[in-house]
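Reviewing the structure listed below.
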Amino acid sequence: MKYYSLNHKAPNVSFKEAVINGLAPDRGLYFPESITPLSEDFIKNISQFSNEEIAFKVIQQFIGDEIPKEIVQQIVSETISFDFPVVSIDKNIGTLELFHGPTLAFKDVGARFMARCLGYFNKENTNKVTVLVATSGDTGGAVANGFLGVKGVDVVILYPSGKVSDIQEKQLTTLGQNITALEVNGVFDDCQDMVKSAFLDTEIARQLTSANSINVARWLPQMLYYFFAYKQLHKEHSKIVFSVPSGNFGNICAGMMAQKLGLPIQHFVAATNVNDTVPQFMVEGNYNPKSSQPTISNAMDVGNPSNFIRIQQLFNNDFKNLKTAFSSYSFSDNDTRDAMKQIFKNSGYITDPHGAVGYLGLERHQLKDNEYGVFLETAHPVKFLDVVESTLNKKIEVPTHIQSLILKEKKSIKISSYHELKTFLQSN
Ligand SMILES: *Cc1c(COP(=O)(O)O)cnc(C)c1O
């Protein structure tokens, strides 16, 4: 499969090059040259297939013959070796739980898939590649865990000291092996700036690669969530509406790719916190990126969502068509806390702040009689323990493997300037 840059000023590349480059040289996002729908029979009979079989069928065309079939099968089965249950919340609402992976957030799937693809492509290469990533919380943990033990790849994670939750910090700093955590004296934007400087620094950029959500190998496997939900629901519900808590809009864009592959989905709602660049776009038709505002659903604090351009491409930049398939609404932290309380009161279900924003999206959409709404629960509530416990006024049970994580010893290297990052990268 070939990929082109959405800025149209860079050469088309193979899947392998797209994964290794991350972003095209003209700073554009890569997009597949063609998208071929799956057969109607396959979709009608989806319940007869295992998740591994579905995953292979869905992802295969985007890799083509660049990785042998048996290895792709192995990569996808390792990637999705946990559950993706839809849990009923109400008569016409369910939640798709995406937090059963090792770091309790949905980013595990993309990170694990990308790690394995990069590991495969780097097999013959004797030069080590360093994956450099800045995190405000969830990305770092998922990337570190996904790449743990992958040969030929070192991972260096920058995180802002004191600005991530305890569990998130332990997920970054206790793995060892090929994972190093750099604790930056600053905020997330400082980490991001240092990573950008490294990619522009010709003395070290050659051996670096990124693992953020614009990489096709992190983006595309997220299509699977929608197929797995459909498999569980389609016998009873014909009109499924997905509401996706969105930040960089990679997850929802993957859902829209699934629809393009022929998956019958009635409507998409992108639910955001007060970072409302896309909801405003859907009202006015003007795209005005802003700087991000901090919220309690911090994994979605994004003022300029990188994947929205891919969504527009899926609709050939036709605003009217986009509007019939897609809505987007924004919610405040107060709305979010009220939703967490309301869901808990009505059904006993505990949502994390991101999932609660997804629930609000369904509420705003106003499901019609024959529609079934699914909001994506993108992180386990224990990852946001303070917010959840203070909102629900209730102690949350921490799973045993997280309790043992909290007891592990943190190992990080403190840095406070780009110079220190560069020295570290050059000495390794
Ligand atoms: C990353 C993240 C999101 C946002 O996903 P995008 O693909 O960036 O829209 C939502 N919830 C959680 C918990 C996340 O970690």
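As the structure is a prediction and not an experimental result, all values here were calculated from the model. Each ligand, and each atom within it, is numbered from 1 in the order the structure gives.
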On a heavy-atom basis, the closest approach of T36 and L261 is O-CD2, 3.4 Å
Are D138 and K383 close enough for a salt bridge, meaning some N to O gap below 4.0 Å? yes
At the 4.0 Å heavy-atom cut-off, does A105 count as touching ligand 1? no
Looking only at distances, can you tell me whether any N or O atom of N251, backbone or side chain, sits closer than 3.5 Å to an N or O atom of ligand 1? yes
Does D138, backbone or side chain, put an N or O under 3.5 Å from an N or O of ligand 1? yes
Check whether any side-chain N or O of D154 sits under 3.5 Å from a backbone N or O of T130 as a donor-acceptor pair, and report yes or no. no
Any idea which atoms of ligand 1 are less than 4.0 Å away from a heavy-atom of N248? 6 (P), 8 (O), 9 (O)
Among H237, H267, H365, which one satisfies ring-ring contact (aromatic ring centres under 6.0 Å, His included) with Y372? H237
So, E78 and R112, do they make that salt bridge, N to O below 4.0 Å? no
Under 4.0 Å from a heavy atom of G250: give me the atoms of ligand 1 that qualify, with their elements. 6 (P), 7 (O), 9 (O)
With atoms numbered from 1 as shown, which atoms in ligand 1 lie under 4.0 angstrom from a non-hydrogen atom of A379? 13 (C)
Counting each atom of ligand 1 from 1 as listed, which ones have a heavy atom of P245 under 4.0 Å away? 4 (C), 10 (C)
Which residue and heavy atom of the protein sit nearest atom 3 (C) of ligand 1, plus the separation: F106 CE2, 3.5 Å
Donor-acceptor check, side chain of E33 to backbone of K2, threshold 3.5 angstrom: yes or no? no
the protein heavy atom lying closest to atom 14 (C) of ligand 1 turns out to be K107 NZ, 2.8 Å
Which ligand 1 atoms does M300 reach within 4.0 Å, using its non-hydrogen atoms? 10 (C)
Kindly state whether the ring of F326 and the ring of F268 have centres lying under 6.0 angstrom apart. no
Centre of F42's six-membered ring, under 6.0 Å away, within 45 degrees of the axis: is that where NZ or CZ of K57 sits? yes
Taking the six-membered ring for Trp, are H100 and F82 closer than 6.0 Å centroid to centroid? no
Quick test: of every protein heavy atom, which one is nearest to atom 11 (N) of ligand 1, and how far off is it to 0.1 Å? T378 OG1, 2.8 Å
Closest to atom 9 (O) of ligand 1 (heavy atoms only, candidates G110, A254, G247, G141) is G247
Please determine if F249 has a nitrogen or oxygen closer than 3.5 Å to a nitrogen or oxygen of ligand 1. yes
